[in-house]
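Heads up, the thing below is written out as structure tokens.
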Amino acid sequence: MNMQELYNLMYGDNAKRCRPTDFIARIEGCPGFADQPLPELATERDRYLRLLSDYGYMLYAVGRYESAVAVLTRVLRLHEDTADRPEVVWQSASYEQALFFRSCALSALGRKEAARQDALSLVARYPGELQYSHLLHGLELYFRNAAYRKVNLYALLALFAGLLITLTRPADPSVRFLGHVLAQGSMAVGLGNYVLWKRWYTRWKRKRVK
């Protein structure tokens, strides 16, 4: 089956909606389809990129995240390599879709920073799109929570160190003073960390509601 026949099967007038597994099976039933050279004609090129982008999305939908990232990255690179100006790539829906689902797949793989960069690109281009804003806010929440837990861990370690110093050397005033400083300082840091995080989280929730 050539590319034109495959495109008609998927999107033609008589095409039927198929499940992700069926879509993937049809694409993978054409050996080498995902790696074939980009067609020269503009119409065929757009059709190929649409098929490839949807294939990447379907891979994401069934949980094949590594494969999805590889396919969607190729879609993005093909768009970028053939565009005469950087902004031209955004005129194609397949480019936008590929960037969104690559971000989702990267996030699912735990590659949060790479996912965040894709989400930032989408929000910068389309700030009014709710799904892109939600994706970025979710990633920001992940990083804020990680920072919050890290600060709390260090504060807790300092608290235990201060208590241990105070209990083991109660007769030494200078050591006891150091223990008090560590314990009280760590409690102040923990409380301040919670207040700052709670304030940010409240603002974040308010933005999501809007």
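FYI, side chains are in, hydrogens and waters are out, and symmetry mates aren't considered; it's all heavy atoms of this structure.
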Quiz item: Do Tyr48 and Gln36 meet the criterion of a side-chain donor-acceptor pair at a distance under 3.5 Å?
Solution: no
Exercise. Spell out, as yes or no, whether a donor-acceptor pair under 3.5 Å connects the side chain of Arg74 to the backbone of Ala34.
Key: yes
Quiz item: Is the CD atom of Glu113 crowded by more than 12 outside heavy atoms at less than 6.0 Å?
Solution: yes
Exercise. Is it possible for you to say whether Val88 and Trp90 belong to one hydrophobic cluster, with membership spreading through side-chain heavy-atom contacts below 4.5 Å?
Key: no
Quiz prompt | Closest contact, heavy atoms only, Ala119 versus Leu139 | solution = CB-CD1, 4.1 Å
Exercise. Check whether any side-chain N or O of Ser53 sits under 3.5 Å from a backbone N or O of Leu49 as a donor-acceptor pair, and report yes or no.
Key: no
Quiz item: Is the count of non-hydrogen atoms from other residues, nucleotides or ligands lying under 6.0 Å from Arg125 atom CZ greater than 12?
Solution: yes
Quiz item: Looking only at heavy atoms, what is the nearest atom pair of Tyr95 and Val89, with distance?
Solution: CB-O, 3.3 Å
Quiz item: Which residue, Leu99, Asp54, Leu52, forms the side-chain contact (heavy atoms from CB on, under 4.5 Å) with Val75?
Solution: Leu52
Practice problem: Answer with yes or no whether the side chains of Gln131 and Tyr126 bring together a donor and an acceptor at under 3.5 Å. | Solution: no
Quiz prompt | Donor-acceptor under 3.5 Å (Thr82 side chain, His79 main chain) | solution = yes
Quiz item: Do Arg45 side-chain atoms and Glu40 backbone N/O form a donor-acceptor pair below 3.5 Å?
Solution: yes
Quiz prompt | Heavy-atom closest contact (Ile24 atom, Met58 atom, distance) | solution = CD1-O, 3.6 Å
Quiz item: Between Arg102 and Thr73, do the side chains contain an N or O donor and an N or O acceptor separated by less than 3.5 Å?
Solution: yes
Exercise. Look at the side chain of Ser94 and the backbone N and O of Arg50, then say whether any donor-acceptor pair between them is shorter than 3.5 Å.
Key: no
Quiz item: So, for Tyr55 and Phe23, is the gap between ring centers shorter than 6.0 Å?
Solution: no
